[in-house]
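Step one of this worksheet: look at the structure below.
In what follows, every heavy atom counts, from backbone to side chain, and hydrogens, waters and symmetry copies are set aside. All residue numbers refer to positions in the sequence shown, counting from 1. When a ligand or atom number is given, it counts from 1 through the structure's own listing order.
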Amino acid sequence: MRPENNESAKPLSSEKPKILLATRNRHKTVEIQMMLGEGVIVSDVTGLAHLPEIEETGVTFEENSKLKAEGISRHVSGIVLADDSGLEVDALGKSPGVYSARYAGPGCTDEANTALVLKKMKGFPDEVRSARFRCVLAVAENGVTLAIFDGTIEGMLAHEVRGKGGFGYDPIFMPEGHQQTFGELSSEIKHTMSHRSRALQQFKDWWTIKLAERC
Ligand code: ITT
């Protein structure tokens with residue numbers, strides 16, 4: 001049995017594995033920290049002024065996630081995880097897709113993006129409101145991509161903004177099997193099925209093996 005009050009038996013916080021996210025979107029960081037749990041220290045590049053802004057010039061989620069992970073990992077030690085994600089609406093030719101963050105223009109708000117999607121979909125009946133969230137995670141070290149993981153959640157667009165939870169397009173997206181939007185569902189429910197949690201589960205399996213190999 002482990003003796004009580006034995007400080008050396010407790011893992012030091014510095015022993016926790018660390019992961020740097022190549023993102024300045026705090027919502028992604030909060031979600032990924034919640035999904036990975038307290039055993040992992042998650043940080044992002046917000047406020048790290050010496051790190052470059054990575055231009056997302058790719059035309060696929062995979063290209064952009066690799067650009068971000070490789071670009072940041074050239075300037076830091078250890079592995080870097082990048083998330084490129086977005087909403088695909090079938091009736092809009094899979095837009096906004098990789099342009100999800102800037103659909104209503106550079107520097108626009110989540111509300112402006114959401115309003116634009118709803119405007120373009122006005123009058124479309126339920127049968128043609130299918131959509132999905134996609135998330136591609138790239139892991140890189142020293143400028144080289146080590147692995148890529150892909151997660152998708154199918155669903156339908158609501159006819160109006162519903163709920164205050166989540167971020168981005170959450171208040172207009174109803175995941176399959178639910179009549180509520182991600183904005184109305186709790187974050188715990190979102191994380192059992194989201195595109196990000198599905199990609200992250202694959203990353204966790206991969207990382208567990210990597211950490212064991214490096215011990
Ligand atoms: P970084 O590039 O710094 O990571 P970003 O917000 O610009 O941040 P993306 O280019 O990957 O990231 O764009 C993702 C956009 O897709 C995000 O801004 C949201 O509008 C939307 N999105 C992604 N995941 C989402 C989620 O779980 N819920 C709602 N909207 C989401």
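- Protein heavy atom closest to atom 20 (O) of ligand 1, with residue, atom name and distance, is Y169 CE1, 3.3 Å.
- Nearest protein heavy-atom neighbour of atom 11 (O) of ligand 1: K28 NZ, 2.9 Å.
- At the top of the distance list for atom 10 (O) of ligand 1, counting protein heavy atoms only, stands E56 OE1, 3.0 Å.
- A 6.0 Å sphere centred on CD of Q179 holds no more than 12 heavy atoms belonging to other residues, nucleotides or ligands.
- For atom 18 (O) of ligand 1, the nearest protein heavy atom (residue, atom name, distance) is A101 CB, 3.5 Å.
- Near T23, meaning under 4.0 Å from one of its heavy atoms, ligand 1 places the atoms 1 (P), 3 (O), 4 (O), 8 (O).
- Residue F173 holds its CZ atom at 13.0 Å from OG1 of T114, rounded to the nearest 0.5 Å.
- Shown in contact with G168 at under 4.0 Å from a heavy atom are these atoms of ligand 1, numbered in order with element: 20 (O), 29 (C), 30 (N).
- Set against the non-hydrogen atoms of N25, the atoms of ligand 1 under 4.0 Å away are 3 (O), 6 (O), 8 (O), 18 (O).
- In summary, the atoms of ligand 1 found under 4.0 Å from a heavy atom of R24, numbered by their order in the structure, are 3 (O).
- In F173, neither the side chain nor the backbone holds a heavy atom less than 4.0 Å from any atom of ligand 1.
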**OP:** For the pair T23 and D83, evaluate side-chain hydrogen bond (donor to acceptor under 3.5 Å, both in side chains) and give the outcome as yes or no after the intermediate values.
**Re:** CA-CA 7 Å; T23 185; D83 166 320; over 6 Å; no

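- Classified by interplanar angle (parallel below 30°, tilted 30° to 60°, perpendicular above 60°), the ring pair F167/H27 is parallel.
- Atom NZ of K28 and atom CG of D44 lie 10.5 Å apart (nearest 0.5 Å).
- Nearest heavy-atom pair, V89 versus P96, reported as atom, atom and distance to 0.1 Å: CG2-CD, 4.2 Å.
- When non-hydrogen atoms are compared, ligand 1 lies under 4.0 Å from the side chain of K190 (C-beta onward) but not from its backbone.
- Counting heavy atoms of neighbouring residues, nucleotides and ligands inside a 6.0 Å radius, atom CD of E213 exceeds 12 of them.
- Between H195 and F133, the ring-plane angle classifies as parallel under the 30° and 60° cut-offs.
- At the shortest separation from atom 25 (C) of ligand 1 among protein heavy atoms lies F167 CZ, 3.4 Å.
- The closest approach between H195 and ligand 1 falls below 4.0 Å for a heavy atom of the residue.
- Counting the atoms of ligand 1 from 1 in the order shown, those under 4.0 Å from a heavy atom of D83 are 4 (O), 11 (O).
- The ligand atoms of ligand 1 that sit less than 4.0 angstrom from a heavy atom of S85 are 11 (O), 13 (O), 14 (C), 15 (C), 16 (O), 23 (C), 24 (N).
- Residue-ligand proximity: D170 is placed with a non-hydrogen atom under 4.0 Å from ligand 1.
- Proximity to D84 (heavy-atom distance under 4.0 Å) selects the following atoms of ligand 1: 9 (P), 10 (O), 11 (O).
- Not a single heavy atom of L87 sits under 4.0 Å from any atom of ligand 1.
- Here the straight-line distance linking atom CG of L200 with atom CG of D205 works out to 10.0 Å at 0.5 Å rounding.
- Of the heavy atoms in R196, only side-chain atoms (C-beta onward) come closer than 4.0 Å to ligand 1.
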